[in-house]
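Just below is one structure, and these are the notes that go with it.
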Amino acid sequence: MEFLDLPPMLGARGTVRLPGSKSISNRVLLLAALAEGETDIRDLLASDDVERMLDALRALGVAWERTPGRDDYRVTGVGGPFPVKSGELFLGNAGTAFRPLTAALALSGGHYRLAGVARMHERPIGDLVDALRQIGADIRCTANEGYPPLEIRPADIRPGGVVRVRGDVSSQFLTALLMALPLTGEETVIEVVGELISKPYIAITLDLMARFGVRVAPDATWSRFVVPAGARYVSPGTVFVEGDASSASYFLAAGVIGGGPVRVEGVGRSSIQGDVRFAEALEQLGARIVMGDNWIEASAPAGGVLRAFDLDLNHIPDAAMTLAVAALFADGPCRLRNIASWRVKETDRIAAMATELRKVGAVVEEGADYLCVTAPARLLPAEIDTYDDHRMAMCFSLVALGECRVRINDPKCVNKTFPGYFPAFAAVARAVPVVAIDGPSASGKGTVGSMVAKALGWHHLDSGSLYRLTALTALRDGVDLDDEIGVAALAAALPARFDGDRVLLGDEDVSDEIRDEAVSVGASRVAVLPAVRAALFGRQRDYRCGPGLVAEGRDIGSTIFPDAPVKVFLTASPEARAQRRYKQLKEKGLPANMESLMQDLRERDARDAARAVAPLQQQPDAVLLDTTSMDVDAAVAFVLDLVRDRGLAAG
Ligand SMILES: Nc1ncnc2c1ncn2[C@@H]1O[C@H](COP(=O)(O)OP(=O)(O)O)[C@@H](O)[C@H]1O
Ligand SMILES: Nc1ccn([C@H]2C[C@H](O)[C@@H](COP(=O)(O)OP(=O)(O)O)O2)c(=O)n1
């Protein structure tokens with residue numbers, strides 16, 4: 001399984017240009033396809049769901065072309081039903097393609113098959129099929145009644161009169177009917193049965209239909225819609241796609257959780273997307289929000305802490321997911337109400353959200369249509385499953401802003417709506433900085449690392465001492481150093497503590513004992529065991545805390561913190577290193593022999609460099625620092641300059 005490790009973040013600020021709205025992109029594509037004339041669409045979203053719609057339209061005889069290198073498209077409308085009268089369409093997990101195409105194809109007089117991924121076949125479509133059958137459509141659910149895949153056959157469509165459709169499962173059914181019925185040319189009344197959910201999405205549909213020349217006004221209660229006689233779609237010429245307001249939610253929340261300000265460009269006061277009201281929800285949590293016509297900016301509440309909330313989120317079902325994760329930063333239990341539609345989205349989002357929030361330590365109560373989330377005192381590092389749901393992946397990236405590392409499984413699921421999400425997030429979120437110092441034995445890593453950490457006021461990790469503590473424990477407990485599983489178990493349970501430059505096992509100071517030659521040789525032996533390295537992997541990452549970390553070892557820059565902004569490969573000639581070690585041991589009153597030290601050092605260098613897992617080697621992005629003829633202070637000054645040059649510490 002592919003994954004992405006997000007480091008703990010210290011805060012967020014900056015500006016993000018949003019990708020185009022998915023809801024607008026797929027609606028505009030379909031309307032442009034059915035309209036008379038050519039439509040130029042600017043800033044169309046580049047994502048999987050939009051690709052599915054584009055592919056389908058081409059298969060159905062709609063010509064479109066893309067301006068090379070841009071997200072601008074020209075669609076040549078067919079001025080009515082689709083001209084291609086048979087076809088098999090694969091629509092992935094794109095609800096915004098599947099539902100509207102079902103309705104438009106049911107009225108196109110052809111023979112079509114529509115299918116998607118397994119999850120698409122679990123997402124209900126029965127209410128839409130029932131509504132279309134009322135006007136004579138011949139639609140068969142070929143696997144399970146009420147669910148895709150579907151087969152549509154030519155039929156005697158009898159428009160006019162009243163069509164009833166349920167509005168309380170997914171508003172996309174109403175959207176699909178609204179967009180397709182003008183193909184009949186006759187007046188049809190749509191009556192919504194049950195409370196209409198997600199009304200703002202219907203508002204997007206009506207707004208875009210009006211731009212293509214078909215005006216449908218809802219009654220006061222949004223339960224009756226009249227599609228006028230003689231309606232036909234005509235291209236408005238050029239359509240600009242707004243930024244995606246649901247995608248904006250992650251960055252606005254990042255600004256609120258991570259201090260901010262974070263500004264999103266592409267949506268604002270004049271947006272037609274209901275999800276811009278997510279900003280209002282954030283305001284109820286105490287966030288500071290500023291809005292322009294085409295941008296929104298979010299910052300943390302004046303007091304820093306988010307207020308607990310109890311909100312009906314029916315009007316912003318997608319952006320509401322972001323609030324479930326924002327609840328991890330609130331000062332009390334938070335309730336998200338009226339969100340039953342989550343259960344029929346890309347995954348059962350209520351269940352998925354509850355499961356994953358619990359992994360980071362939250363207490364979650366899950367109901368048929370609500371979630372109650374209580375934040376833990378401290379977030380726990382976790383491995384988040386994403387259920388092939390782009391929004392799960394994007395939401396849980398926000399956990400990192402709690403200075404908590406988080407692993408996102410299958411991160412590419414964001415391609416559904418936002419392929420550039422993680423780079424965009426990394427551009428506004430500020431990771432806890434790490435100085436990674438790697439190099440051979442006795443090159444000065446410990447000495448330089450400790451002094452650099454003190455000068456910066458950052459945390460310090462001497463990873464070698466973890467290997468030494470592991471070896472010491474194995475030697476004491478009589479565990480064979482080649483017993484990989486046994487030694488790894490010791491490494492995982494090590495009661496290691498660091499107190500300044502003192503190294504402790506529980507309460508026992510073992511700073512000197514771990515420098516014994518026997519322990520040094522043992523450390524070098526256990527360090528080649530993959531299970532031992534794996535056992536120490538997460539432990540080392542947990543030392544990454546604000547304001548920053550200086551860590552040294554052999555694989556810090558390559559494996560433990562590959563994203564470290566400063567990497568140094570510290571080395572010196574073998575002779576210089578042997579002499580340093582000799583002096584060091586003598587000063588500590590420990591026995592030392594120059595010849596055996598030299599020999600031992602060469603052997604250890606060879607073992608560190610040749611091992612299969614995380615061998616010692618200079619990373620391409622590491623700066624070489626050869627201290628053969630350089631004193632400690634000069635080496636420390638060199639590293640501090642690098643840190644300041646990268647803008648990670650004041651000058
Ligand atoms: N640039 C340097 N010049 C001279 N001696 C150094 C230098 N860097 C480190 N030393 C000394 O070398 C010894 C070994 O350094 P240490 O930090 O323990 O190395 P490592 O952690 O790489 O094994 C220490 O006594 C240290 O004071
Ligand atoms: N990140 C690390 C740190 C140390 N090791 C290995 C290398 C050494 O053999 C032991 C002890 O490391 P340490 O840095 O304390 O030892 P040296 O004094 O540099 O030889 O652990 C490693 O494999 N990976």
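Read the numbers this way: they start at 1 and go in the same order the structure lists the ligands and their atoms. Any value given below was found using the heavy atoms of this structure, including those in side chains, with hydrogens, waters and symmetry copies removed.
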Mind checking whether D631 contacts ligand 1 via backbone (N, CA, C, O), side chain (CB onward), both or neither, at a 4.0 Å heavy-atom cut-off?
backbone
Tell me, which protein residue and heavy-atom name are nearest atom 23 (O) of ligand 1, and how many Å apart are they?
A442 N, 2.8 Å
Go ahead and list the nitrogen or oxygen contacts between ligand 2 and the protein that come in under 3.5 Å, distances to 0.1 Å, or just say none.
{"unit_1": "ligand 2", "atom_1": "1 (N)", "unit_2": "S463", "atom_2": "OG", "d": "2.8"}
{"unit_1": "ligand 2", "atom_1": "1 (N)", "unit_2": "R554", "atom_2": "N", "d": "3.1"}
{"unit_1": "ligand 2", "atom_1": "1 (N)", "unit_2": "D555", "atom_2": "OD1", "d": "2.9"}
{"unit_1": "ligand 2", "atom_1": "14 (O)", "unit_2": "R554", "atom_2": "NH1", "d": "3.1"}
{"unit_1": "ligand 2", "atom_1": "15 (O)", "unit_2": "R468", "atom_2": "NE", "d": "2.6"}
{"unit_1": "ligand 2", "atom_1": "16 (O)", "unit_2": "R468", "atom_2": "NH2", "d": "3.1"}
{"unit_1": "ligand 2", "atom_1": "18 (O)", "unit_2": "R468", "atom_2": "NH2", "d": "3.0"}
{"unit_1": "ligand 2", "atom_1": "18 (O)", "unit_2": "R581", "atom_2": "NH2", "d": "2.3"}
{"unit_1": "ligand 2", "atom_1": "19 (O)", "unit_2": "K445", "atom_2": "NZ", "d": "3.1"}
{"unit_1": "ligand 2", "atom_1": "19 (O)", "unit_2": "R554", "atom_2": "NH2", "d": "3.0"}
{"unit_1": "ligand 2", "atom_1": "20 (O)", "unit_2": "S441", "atom_2": "OG", "d": "2.5"}
{"unit_1": "ligand 2", "atom_1": "20 (O)", "unit_2": "R554", "atom_2": "NH2", "d": "3.1"}
{"unit_1": "ligand 2", "atom_1": "20 (O)", "unit_2": "R604", "atom_2": "NH1", "d": "2.7"}
{"unit_1": "ligand 2", "atom_1": "23 (O)", "unit_2": "R533", "atom_2": "NH1", "d": "2.9"}
{"unit_1": "ligand 2", "atom_1": "23 (O)", "unit_2": "R533", "atom_2": "NH2", "d": "3.3"}
{"unit_1": "ligand 2", "atom_1": "23 (O)", "unit_2": "R611", "atom_2": "NH1", "d": "2.8"}
{"unit_1": "ligand 2", "atom_1": "23 (O)", "unit_2": "R611", "atom_2": "NH2", "d": "3.1"}
{"unit_1": "ligand 2", "atom_1": "24 (N)", "unit_2": "R533", "atom_2": "NH2", "d": "2.9"}

Consider only side-chain N and O atoms of Q599 and E603, and report whether a donor and an acceptor are under 3.5 Å apart.
yes
Should you measure from each heavy atom of T627, which atoms of ligand 1 turn up under 4.0 Å away?
1 (N)
In terms of residue, atom name and distance, what is the protein heavy atom nearest to atom 1 (N) of ligand 1?
M630 O, 2.8 Å
Proximal ligand 1 atoms for P440, defined as those under 4.0 Å from one of its heavy atoms:
22 (O)
How far is atom 21 (O) of ligand 1 from its nearest protein heavy atom, and which residue and atom is that?
G446 N, 2.8 Å
If you measure every N/O of R581 against every N/O of ligand 1, is any gap under 3.5 Å?
yes
Evaluate the ring planes of Y543 and F498, with Trp represented by its six-membered ring, and classify them as parallel (under 30°), tilted (30 to 60°) or perpendicular (over 60°).
perpendicular
Find the distance between CG (L401) and CZ (F329) and round it off to the nearest 0.5 Å.
6.0 Å
What donor-acceptor contacts under 3.5 angstrom involve side-chain atoms of residues 583-590, with partners at least two apart or in another chain?
{"unit_1": "Q584", "atom_1": "OE1", "unit_2": "R581", "atom_2": "NH1", "d": "2.5"}

Which heavy atom of the protein is the closest neighbour of atom 26 (C) of ligand 1, given with residue, atom name and distance?
T447 OG1, 3.2 Å
Could you check, using the six-membered ring where one of them is a Trp, whether Y250 and Y421 have ring centers closer than 6.0 angstrom?
yes
N-O pairing of D462 and K445 below 4.0 Å:
no
Is any NZ, NE, NH1 or NH2 atom of the basic residue among D49 and K22 found under 4.0 Å from an Asp or Glu carboxylate oxygen of the other?
yes
Are side-chain heavy atoms of E403 and M9 found at a separation under 4.5 Å?
no
Sub-4.5 Å side-chain heavy-atom contact between V360 and I384
yes
Report yes if some heavy atom in the side chain of S299 is under 4.5 Å from a heavy atom in the side chain of V256; otherwise report no.
no
Specify the protein heavy atom at minimum distance from atom 19 (O) of ligand 1: its residue, its atom name, and the distance to 0.1 Å.
G444 N, 3.1 Å
A student comparing Q584, R580, K588 should find that the heavy atom closest to atom 11 (C) of ligand 1 comes from R580
Is the closest N or O pair between R515 and ligand 1 shorter than 3.5 Å?
no
Report the part of S443 (side chain from C-beta onward, or backbone N, CA, C, O) that has a heavy atom under 4.0 Å from ligand 1; answer both or neither where that applies.
both
Looking at R525 and D482, does any basic side-chain N land under 4.0 Å from a carboxylate oxygen?
yes
Counting only heavy atoms closer than 4.0 Å, does ligand 1 sit against the backbone of A572, its side chain, both, or neither?
neither
A side-chain contact here means heavy atoms from C-beta on lying under 4.5 Å apart; do L4 and L6 qualify?
yes
